[in-house]
Each structure stands twice: as C-alpha cells, then as structure tokens.
Amino acid sequence: MDFFQKVYQVTQQIPEGRITTYGTIANYLGAPRSARMVGWALNKSNVRDLPAHRVVNRNGLLTGKFHFDGTNLMKELLENEGILVVDNQIQEMENYFWDPAKELL
DNA sequence: GGCGTGACTTGAA
DNA sequence: ATTCAAGCCACGC
C-alpha cells in the first residue's frame, strides 16, 4: 500500500461531522514527521472524492481552504456537517477530532 | 540529477 | 506564551 493510497483511504473514511489532522494521519501511516506529504498528497487528490475539507492542521486551521476553492467552500462544507468554523479555524476541534488509530482500528 | 517548494509539526530561543 | 528555525519526503523544473 502506497503512502498516498493510505492517505486517500483514511481521508475517505473520516466520519461525517468529524475532522482529523495531517500529523495524525502521518503518524498513523508511520511518518510522524512527514505531515507535509499528507497535505501534498491531498493536493494531488483534491480532484478525487476525498473529503479533504475534514483534514486540517494541528491547530484546527483550514490551511487548505485556498487550495480548495479559494473561497469559503471548505468552511461551508464543515459547517454543513455541524462543525463550527470561525475565521478558517475549527472551534472546539477536540470535540470533533477523529483519530484513525482509535476509531478506524 | 540538483534545487526549490509545499494543504505541516515540533523543538528551541 | 509567542516567534523563529529546522526537518520531513516527494514532485516539478
């Protein structure tokens, strides 16, 4: 299984109304210091069905918002799932956090 | 094949 | 607590 493929699967398996971080995914894939690769992989996969809007950085900030649409599309998608987003940042992300190592098994 | 860049993270000043 | 700098790996030029 390639690193990218894993990222794709994990991202696709993120439950609705939940979010995760690049570092968490990277760590789950065995590359705790390669969080950038995760984001980069998503960049090449944004043309797929990957709900990349559910993946944010460690601070819960929607860093990839500009790569999504350049507008508030990402924010709306998250809000549409019941996640409160303010200023491109997820509020109480701890409450929405989704850990693949715990939830996905 | 080398250099620079990137949807990040973490450690140190 | 906040800000700066370095590390990470793959892709593009």
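Per chain, numbering begins at 1; letters A, B, ... match sequence-line order.
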Practice item. Could you tell me whether A:W40 and A:F4 have their ring centroids closer than 6.0 angstrom? Key: yes
Review point. Are A:S34 and C:dG7 close enough that a side-chain N or O sits under 4.0 Å from OP1 or OP2?
Key: no
Review point. Between C:dC9 atom P and A:L42 atom CG, what is the distance in whole Å?
Key: 18 Å
Practice item. Indicate whether OP1 or OP2 belonging to C:dC9 is found under 4.0 Å from a side-chain N or O atom of A:K44. Key: no
Check your understanding: B:dT10, B:dA7, C:dC11: which one has an atom nearest the side-chain heavy atoms of A:W40?
Key -> C:dC11
Practice item. Would you indicate what A:A52 reaches in the nucleic acid, counting non-hydrogen atoms under 4.0 angstrom: base, sugar-phosphate, or nothing? Key: base
Exercise for review: Calculate the interatomic distance between A:H67 atom NE2 and C:dC11 atom C1'; express it in whole Å.
Suggested key: 14 Å
Review point. Which atom names give the shortest non-hydrogen contact between A:M74 and A:V55, and what distance separates them?
Key: CE-O, 3.7 Å
Check your understanding: Of the candidate nucleotides B:dT10, C:dC11, B:dG6, which contains the atom at the shortest distance from the side chain of A:R36?
Key -> B:dG6
Revision key, fill the gap. From the candidates C:dA10, B:dA7, B:dT9, the one with an atom nearest any side-chain atom of A:F4 is C:dA10
Exercise for review: Would you indicate what A:F3 reaches in the nucleic acid, counting non-hydrogen atoms under 4.0 angstrom: base, sugar-phosphate, or nothing?
Suggested key: nothing
**Study point:** Exam field: side chain A:T24 to backbone A:T20, donor-acceptor pair closer than 3.5 Å
**Key:** no
Point to revise | Distance, rounded to the nearest Å, where A:F66 contributes CZ and B:dA7 contributes P | key: 11 Å
Practice item. May I have the distance from A:D2 (atom CG) to C:dC9 (atom C1'), rounded to whole angstrom? Key: 14 Å
Review point. Quick one: A:L78 CG to B:dA7 P, roughly how many Å, whole number?
Key: 18 Å
Review point. What is the distance, rounded to the nearest whole Å, between atom NZ of A:K6 and atom C1' of C:dC9?
Key: 15 Å
**Study point:** Value in whole Å for how far the P atom of B:dT10 lies from CZ of A:R58
**Key:** 6 Å
Exercise for review: Using a heavy-atom cut-off of under 4.0 Å over every strand shown, decide if A:N57 touches base, sugar-phosphate, or nothing.
Suggested key: sugar-phosphate
**Study point:** Pairwise side-chain contact, A:L42 with A:Y22, heavy-atom cut-off 4.5 Å (strictly under)
**Key:** yes
Review point. Any salt bridge between A:E103 and A:R18, counting N to O under 4.0 Å?
Key: no
Check your understanding: Mind checking the C1' distance from B:dA7 to C:dT3? Whole angstroms is fine.
Key -> 22 Å
**Study point:** Among B:dG6, C:dC8, B:dC8, the one nearest A:M37 by side-chain distance
**Key:** B:dG6
Review point. C:dA10 C1' sits how many Å from A:L29 CG, rounded?
Key: 15 Å
